[in-house]
Amino acid sequence: MKALQNKSIYMIFKKFIPVILLLLFAGSCTFDTKDQEIGEKVEILLKQMTIEEKIGQMTQACLSNITLNGNKNLDMNPDLFREAIINQHIGSFISGTGPAQKWIDFITELQRVAVTESRLGIPLLIGIDHVHGGNYIDEGTIFPHNITLSCSFDTSLICRGAAITAVETLAAGINWNFAPVCDIGKNPYWPRFYETFGEDPYVCGIMSAAYIRAQQDSISGENRLLATTAKHFIGYSDPKSGWDRTPAEIPDQILFEQFLPPFRMAVDAGVKTVMVNSGEVNGVPVHVSKKLLTKILRDELNFKGVLVTDIKDIMKVHEEHKGAETEKMATLMALDAGIDISMACNSYDFITLTKELIDEGEISEDRIDESVRRILRMKFELGLFDNPYPPKSNEFGSFRKAHLDESQRMAEASIVLLKNKDQILPLSRGAQRILVSGPGADSKRMLNGAWTLEWMGAEESRQPKEMNSLFQALSEEFTEKKISHFETGSDSKQFSEKSYMKALEQNDLVILVLGEQPYSEFKGNISDLTLPAEQLELARMAYDMGKQLIIVLIEGRPRTITSIEPYASAVIFAGYPGERGAEALSGIISGRVNPSGKLSFSYPMFPGHFTPYYHKNFDKSENLYAFGHGMSYTEFEYSQLSLSDTLLHSPDQNLTISVKLKNTGKREGAETLLFFFRDEKGKITRPVKQLFHFDKINLLPGQEKTVSVSIVPADIFSYPDDKNNWAMEEGEFTLLIGDLQKSLRFLRD
Ligand code: BGC
């Protein structure tokens with residue numbers, strides 16, 4: 001069964017790019033997977049496969065394994081890659097970086113060898129971490145990272161970003177995206193906090209599901225589809241020490257109530273693959289947890305797709321967790337727990353060991369077939385057997401501008417104005433001398449963050465050429481003001497205090513761009529959440545000199561700023577706002593853009609004390625800025641909160657909640673309505689409040705709108721026990737929206 005190279009399809013694709021984009025943005029595409037037909041094709045193919053070919057399909061190699069000098073730059077080593085595809089029967093590859101044309105040429109050759117020279121001509125899965133736009137393609141668009149984006153509370157924006165990422169990823173010939181992260185950002189020390197959609201399970205679930213649908217249902221009828229990955233199942237984001245991949249101790253009840261919902265929503269959205277958490281939860285490495293991978297994920301969530309390990313993680317069950325005597329034992333345990341693909345990266349041991357386990361009767365061929373069936377099905381569903389090839393021509397030039405504009409809209413809608421004393425912002429027009437300083441002032445690298453061309457974020461010189469730093473963007477924004485820059489270095493350690501003081505003296509106002517250099521995974525482990533002392537010093541000195549101070553935070557997690565916050569007239573959280581983050585920020589500072597972002601996480605007051613907004617009653621702790629906090633240049637008024645019923649007799653009885661929102665200020669603006677409830681009492685104690693719906697509304701000055709939501713109470717007010725049984729208890733519930741609240745009771749008939 002050799003796959004056909006269908007040239008015409010890409011000509012059609014090219015011609016209809018505008019139509020396709022329209023479909024993408026409408027988010028209404030569906031793709032008929034022709035279930036039964038695919039099932040039959042899979043069985044025919046499976047029957048022809050040797051056991052080695054089957055295990056090869058279950059193995060994922062790093063592209064660096066088949067390049068010259070083991071680099072990620074797509075310089076192919078023909079011997080190594082023929083070894084991987086023809087001799088080892090590898091079914092998928094991951095990770096690389098380079099210009100679009102190089103990607104296209106590389107993947108065209110890989111697929112050509114797979115479909116025309118391997119015995120059965122099975123096309124390849126090519127995976128990538130496009131976690132914020134087409135971030136591993138030189139011409140790709142860099143969007144804000146998820147922590148920033150989630151502050152937009154705008155699901156349509158998430159959809160558009162995801163759809164554009166799909167277009168760029170497919171245009172390079174890549175067919176599998178390792179995104180979105182469905183972990184909840186509960187522990188701000190965790191160095192992957194910025195990859196999450198914030199701390200709230202519902203927000204993480206809604207945004208992940210929107211992302212998955214927009215990417216997977218993308219180019220209808222074109223036989224060019226992308227698979228997404230819900231990662232990292234489960235409990236990765238709250239390690240006890242805060243450091244990456246260190247053990248988590250999470251009671252089952254909390255695991256089910258807080259960590260599971262985003263994955264359930266991802267599975268319900270049809271996610272094709274799930275990646276396993278590299279860490280261990282309650283003493284069991286998740287890669288070998290049959291309870292989590294089979295009982296919960298497969299049986300209870302009904303996940304039918306492909307379960308992939310994280311990088312080298314079967315080996316690590318033996319070598320790092322010390323959870324198995326040998327790597328072979330770890331392989332047996334992981335297969336038994338339910339994994340389908342081992343992201344083995346640069347070793348073929350998984351192939352040898354699995355073969356040995358089958359020969360020794362430890363693993364049955366039926367078990368192997370289960371996984372291979374899922375993998376082949378996915379390849380058919382993605383249309384790879386019809387056409388595995390990238391487009392013939394490089395399409396990036398045709399969509400670059402539109403995609404960049406979208407990146408700017410995303411940043412504008414996401415950046416959060418945390419403080420605005422005496423309405424210092426927007427800055428008054430007219431002459432003023434402004435000093436821009438701090439490690440992020442003239443850095444593109446910081447705006448884009450990690451996973452930008454390189455895992456740790458590319459060096460400054462490799463960042464997009466036409467991109468602006470904040471200093472550059474402010475200079476363009478305020479032509480009438482004198483904007484100057486004082487260089488402090490990337491960690492602000494080398495700056496001369498004397499020169500800084502001189503620069504301060506010569507200016508009226510200081511914009512300090514503080515925060516974190518990009519980091520990935522364990523490279524971002526820290527032991528103190530406080531912003532580094534040198535950066536705090538920059539703020540203190542500006543204040544001591546009597547300068548008005550604006551702090552802009554470019555960071556992947558809420559580094560505590562409590563000691564300098566009172567010095568600042570304005571504070572802005574930008575997270576990692578991406579390639580057009582500078583324009584978005586300067587627009588907010590000048591007033592060209594009315595800020596509308598709200599925090600999707602709680603900003604801690606102290607480095608050793610952090611609680612999400614959904615903490616329990618006994619916890620009276622306060623954060624510096626609350627979840628949902630975010631200011632605008634206009635004002636909104638909430639009124640007329642009403643419920644269709646205040647006494648419920650059945651958990652399935654529909655309930656409609658309405659509230660009126662009015663823009664009472666002087667300019668157009670957008671407001672996010674956050675709908676919370678509190679279950680007043682519970683057998684298992686309940687959070688002080690819990691989000692169950694959000695909506696972002698744009699209003700002109702004086703305009704008002706009634707916003708309604710209909711819910712099935714059982715879906716919202718139920719919670720699980722430690723066996724993952726969900727139920728709604730009788731009693732009183734309070735709904736809290738804006739500054740309003742209303743009660744209702746549930747009494748079973
Ligand atoms: C990360 C994953 C990523 C994988 C492949 C791992 O280190 O944990 O999120 O998908 O690498 O690059």
Side-chain angles (χ1 to χ4, degrees), residues 59-65 67 70-74 92-97 125-137 145-147 165 169 174-185 190-197 204 208 211-212 215 226-239 243-246 248 262-263 266 271-281 285-287 306-317 319-321 339-347 449-457 518-525 556:
T59 311
Q60 186 167 55
C62 286
L63 285 178
S64 56
N65 213 30
T67 54
N71 68 26
K72 287 190 174 179
N73 301 334
L74 311 174
S92 60
F93 290 91
I94 44 156
S95 293
T97 182
L125 290 167
I126 314 284
I128 196 82
D129 293 290
H130 274 171
V131 295
H132 64 140
N135 54 244
Y136 275 130
I137 304 167
H145 268 289
N146 286 350
I147 197 63
T165 305
T169 306
I174 302 162
N175 48 41
W176 183 2
N177 192 15
F178 297 127
V181 164
C182 296
D183 302 302
I184 54 171
W190 186 52
R192 306 190 72 169
F193 187 87
Y194 66 86
E195 294 183 57
T196 73
F197 289 116
C204 289
S208 297
Y211 185 99
I212 289 161
Q215 279 198 352
L226 187 67
T228 61
T229 305
K231 67 187 191 183
H232 310 78
F233 190 81
I234 185 177
Y236 185 17
S237 58
D238 198 10
W243 283 16
D244 188 45
R245 286 172 163 85
T246 57
F263 287 97
V271 73
K272 286 202 187 298
T273 78
V274 170
M275 186 186 288
V276 184
N277 163 17
S278 299
E280 56 188 73
V281 176
V286 181
H287 278 80
V306 171
L307 185 58
V308 61
T309 72
D310 202 340
I311 199 153
K312 304 180 193 175
D313 272 338
I314 296 185
M315 178 267 285
K316 287 184 197 155
V317 169
E319 286 188 7
E320 305 278 345
H321 298 276
I339 69 105
D340 296 315
I341 291 184
S342 168
M343 189 187 277
C345 190
N346 50 11
S347 149
W451 306 93
T452 303
L453 301 170
E454 301 288 340
W455 180 58
M456 282 286 283
Y519 51 85
S520 282
E521 305 180 35
F522 62 93
K523 297 274 191 186
N525 289 343

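Since we're looking at a predicted model, the values are computed, not measured. Each ligand, and each atom within it, is numbered from 1 in the order the structure gives. The chain is numbered in sequence order, starting from 1.
Taking every heavy atom of Ile311 and a limit of under 4.0 angstrom, the matching atoms of ligand 1 come to 6 (C), 7 (O). Of all atoms in ligand 1, listed by their number and element, those nearer than 4.0 Å to a heavy atom of Met275 are 2 (C), 10 (O). Every atom of ligand 1 is numbered from 1 in the order shown, and the set under 4.0 Å from a heavy atom of Lys231 is 2 (C), 3 (C), 9 (O), 10 (O). Atoms of ligand 1 found under 4.0 Å from any heavy atom of Arg245 (numbered from 1 in listed order, with element): 1 (C), 6 (C), 7 (O), 8 (O).
Between Tyr236 and ligand 1, no pair of N/O atoms sits closer than 3.5 Å. By the 3.5 Å distance cut-off applied to N or O atoms, Glu521 is counted among the residues near ligand 1. Between His232 and ligand 1, a contact under 3.5 Å exists for at least one N or O pair.
Using cut-offs of 30° and 60° for the angle between ring planes, the His132 and His145 rings count as parallel.
At a threshold of 4.5 Å between non-hydrogen side-chain atoms, the residues Asp313 and Met343 do not count as touching. The shortest side-chain heavy-atom distance between Arg245 and Glu320 does not fall under the 4.5 Å cut-off. Counting heavy atoms from C-beta outward, Asp238 and Trp190 have side chains that stay 4.5 Å or more apart. Looking at Tyr236 and Met275, their side chains never come closer than 4.5 Å, going by heavy atoms from C-beta outward. Ile174 has its side chain out of reach of Tyr136: every pair of non-hydrogen atoms, C-beta onward, lies at least 4.5 Å apart.
Side-chain polar atoms of Asp244 and Tyr519 form no donor-acceptor pair below 3.5 angstrom. Counted by atom type alone, Asp310 and Ser278 present one or more donor-acceptor pairs between their side chains at under 3.5 Å.
Cysteines Cys204 and Cys182 are not disulfide-linked, with SG atoms at least 2.5 angstrom from each other.
Contacts with ligand 1 closer than 4.0 Å are made by side-chain heavy atoms of Arg192 only, the backbone lying farther away.
Among all protein heavy atoms, the one lying closest to atom 11 (O) of ligand 1 is Asp310 OD1, 3.5 Å. Looking at atom 12 (O) of ligand 1, its nearest protein heavy atom turns out to be Asp129 OD2, 2.4 Å.
Using 4.0 Å as the threshold, Lys312 has no heavy atom nearer than that to any atom of ligand 1. Using a 4.0 Å heavy-atom cutoff, Glu195 is absent from the residues neighbouring ligand 1. Taking a 4.0 Å cut-off on heavy atoms, Ser95 registers as neighbouring ligand 1.
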